[in-house]
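Some notes on the structure that comes next.
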Amino acid sequence: MAIDYTTIKTPAYLYDLGLLQQTLNFVKKEADAFDYHVHYALKANNNPKILELISEKGFGADCVSGNEVEEALKRGFKKEEIAFAGVGKTDDEINFALENDIFSFNCESLPEIEVINELAFKKQKIAPLALRINPNVDANTHKYITTGLDENKFGISLWELESILDRMKAMKNVQLKGLHFHIGSQITDLDTFKNLCNRINQIQEQFYARQIIVEHINVGGGLGINYHQPDEEPMSNFKSYFKIFNDFLELRPMQQLHFELGRSIVGQMGSLLSKVIYVKKASAKSFLIIDAAMTDLIRPSLYQAFHKIENLSSNGEDQEKYDVVGPVCESSDIFAKSVTLPSSKRGDYILIRSAGAYGQVMASNYNMRDNAQVVFIG
Ligand code: LLP
């Protein structure tokens, strides 16, 4: 990245559009090889320019609020390629999605299905539904981003499936089109997806026994990225990922397979640029106090997530251990503890890597802090 950082007002999100294009081309090629449909999960990063680049490549959208559905439409995603998920869709959001004839409502409970049926009846429409089934498969990831276990709030449990299908028989304004699964995020052990495929095969048998073959299976997202070595692995292993589904998932004839990828598409193209405000020596350690904070990137505070940190201003001859922290009045405003960095001084530029997904979108203005600005590079 040949860029003059010293001209940029920090903190700033740097988005490498070259890497984004490369990633999109790669995902598209690998997915097209199997005729798979990829929806981009807007929740990971909803920068307008990024959304436009993604929609131009022909990806669908995965939305979790009415505002995301509206934004997806505004940024060029086709309505018939928009999936709408979420455990708590409001009437207004459902009505908006109904008016726009989206691809699928991914439903998470019987009360939700009943409300969609009622609202669709009022509009004289038939809402396309996918049932989000909780497959009880462990994603082996952080507990806050695990979603496919019985103990999580997401999806319909297997034990209530039969009664929901019975109740749906009487509903005239919803149509069962698909089955939806999502077991969690930042999954790096690809065997986890094999387990998901095997479970979906069993569940499909259960539907088959009731003579139900849905048009599509949606396996959600979750493919992880390499936070420790972003330069060595700027793109996730999409080839092996899609191949697992091709090898292990038993699709019925004509059944389409859909994915909802977020982090693996935008994670590595973003970095958070910051400047050292002070180096504070304490008795046991040194603190690098930088001008980015948990208000710009909350992942380390919230999930103890690792992000690689680099000092761009130092040649790295002498090294020191630092706690890299932000200025916010919370002890949890920490980016990394005891990290070894080149000896750093006030004014040095610090780069926090792999921040393109769930970074800027989770920002807040706590402490009345300004939002980080966005700079496109690459
Ligand atoms: N589909 C559904 C139903 C989801 O809930 C999610 C993410 C995705 C797709 C996209 O998953 P991805 O491919 O990005 O893993 N804020 C957390 C991540 C939360 C993920 C929420 N759901 C983080 O910073 O790690």
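Predicted model only: the values in this text are computed from it and were never measured. The first residue of the sequence shown is numbered 1, and numbering continues consecutively from there.
To the nearest 0.5 Å, the span separating CD on Q206 from CD1 on I212 amounts to 10.0 Å. Rounded to the nearest 0.5 angstrom, R167 CZ and E162 CD are separated by 14.5 Å. Considering CG of L42 and CG of D62, their distance stands at 8.0 Å, rounded to 0.5 Å. Atom CD1 of residue I217 and atom CG of residue L257 lie 7.5 Å apart, to the nearest 0.5 angstrom. Here the straight-line distance linking atom CG of N95 with atom CG of N100 works out to 11.0 Å at 0.5 Å rounding. Interatomic distance, Y227 OH to Q186 CD, rounded to the nearest 0.5 Å: 5.0 Å.
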>> Could you go through K43 and E260, starting from their C-alpha distance and side-chain angles, then the distance that decides it, and tell me whether this counts as salt bridge (charged side-chain N to carboxylate O under 4.0 Å, His left out)?
In response: CA-CA 11 Å; K43 65 171 88 65; E260 298 170 340; 5.9 Å; no
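Side-chain atoms of N371 do not come within 3.5 Å of backbone N or O of Q360 as any donor-acceptor pair. A donor-acceptor pair under 3.5 Å is absent between the side-chain atoms of Y278 and the main chain of F287, judged by distance alone. Judged by distance alone, the side chain of T7 and the main-chain N or O of D4 form a donor-acceptor pair under 3.5 Å. In this structure a side-chain-to-backbone donor-acceptor pair under 3.5 Å is present from S274 to D291. When atom types are taken as modelled, the side chain of N45 and the backbone of G356 share a donor-acceptor pair closer than 3.5 angstrom.
Taking a cutoff of 4.0 Å between a charged side-chain nitrogen and a carboxylate oxygen, D32 and K29 do not qualify as a salt bridge. Using a cut-off of 4.0 Å between Lys/Arg side-chain N and Asp/Glu carboxylate O, D166 and R210 are scored as salt-bridged. Looking at E205 and R252, a side-chain N of the basic residue comes within less than 4.0 Å of a carboxylate O on the acidic one, giving a salt bridge. Salt-bridge formation is not detected for the pair E70/K74: no Lys NZ or Arg NE/NH1/NH2 atom is positioned less than 4.0 Å from an Asp or Glu carboxylate oxygen.
Each of L312 and I277 belongs to its own hydrophobic cluster when Ile, Leu, Val, Met, Phe, Trp and Tyr are linked at side-chain heavy-atom distances under 4.5 angstrom. Both V27 and M235 are members of a single hydrophobic cluster when ILVMFWY side chains are connected at heavy-atom separations under 4.5 Å.
Between L129 and C107, the closest heavy-atom pair is CD2-SG, 3.6 Å. In plain terms, the two heavy atoms of Y36 and F245 that are nearest each other are OH-C, 3.7 Å. Nearest approach of S286 to K281, heavy atoms of both residues: OG-CD, 3.5 Å. Here the closest non-hydrogen pair linking L272 and A372 is CD1-CB, 4.5 Å.
By the 6.0 Å contact criterion, CG on D370 is open, its count of non-hydrogen atoms from other residues, nucleotides or ligands being 12 or less. Heavy-atom contacts from other residues, nucleotides or ligands closer than 6.0 Å to NZ of K345 number more than 12. When the shell of 6.0 Å around CZ of F306 is examined, it contains more than 12 heavy atoms from other residues, nucleotides or ligands. Atom NZ of K78 has 12 or fewer neighbouring heavy atoms from other residues, nucleotides or ligands inside a 6.0 Å radius. For F207, the CZ atom is densely surrounded, since the number of other residues' heavy atoms within 6.0 Å is greater than 12. Counting non-hydrogen atoms of neighbouring residues, nucleotides and ligands closer than 6.0 angstrom, the NZ atom of K123 exceeds 12 such neighbours. Atom NZ of K243 sits in a sparse spot, with 12 or fewer heavy atoms from other residues, nucleotides or ligands closer than 6.0 Å.
Test H180, H39, H37 against F103 for ring-ring contact (aromatic ring centres under 6.0 Å, His included) and you get one pass: H39.
Using cut-offs of 30° and 60° for the angle between ring planes, the Y13 and Y15 rings count as parallel. The aromatic rings of F193 and Y241 stand perpendicular to each other, their planes meeting at an angle above 60°, with 30° marking the opposite boundary. Taking the six-membered ring where tryptophan is involved, the planes of F242 and F259 are perpendicular, since the angle between them exceeds 60° and thus also 30°.
Cation-pi contact between K89 and F84: present, with separation from the ring centre below 6.0 Å and deviation from the ring axis of at most 45°.
Annotation for V64: hydrophobic cluster partners, listed by chain and number, are none (ILVMFWY side-chain heavy atoms under 4.5 Å, direct or chained).
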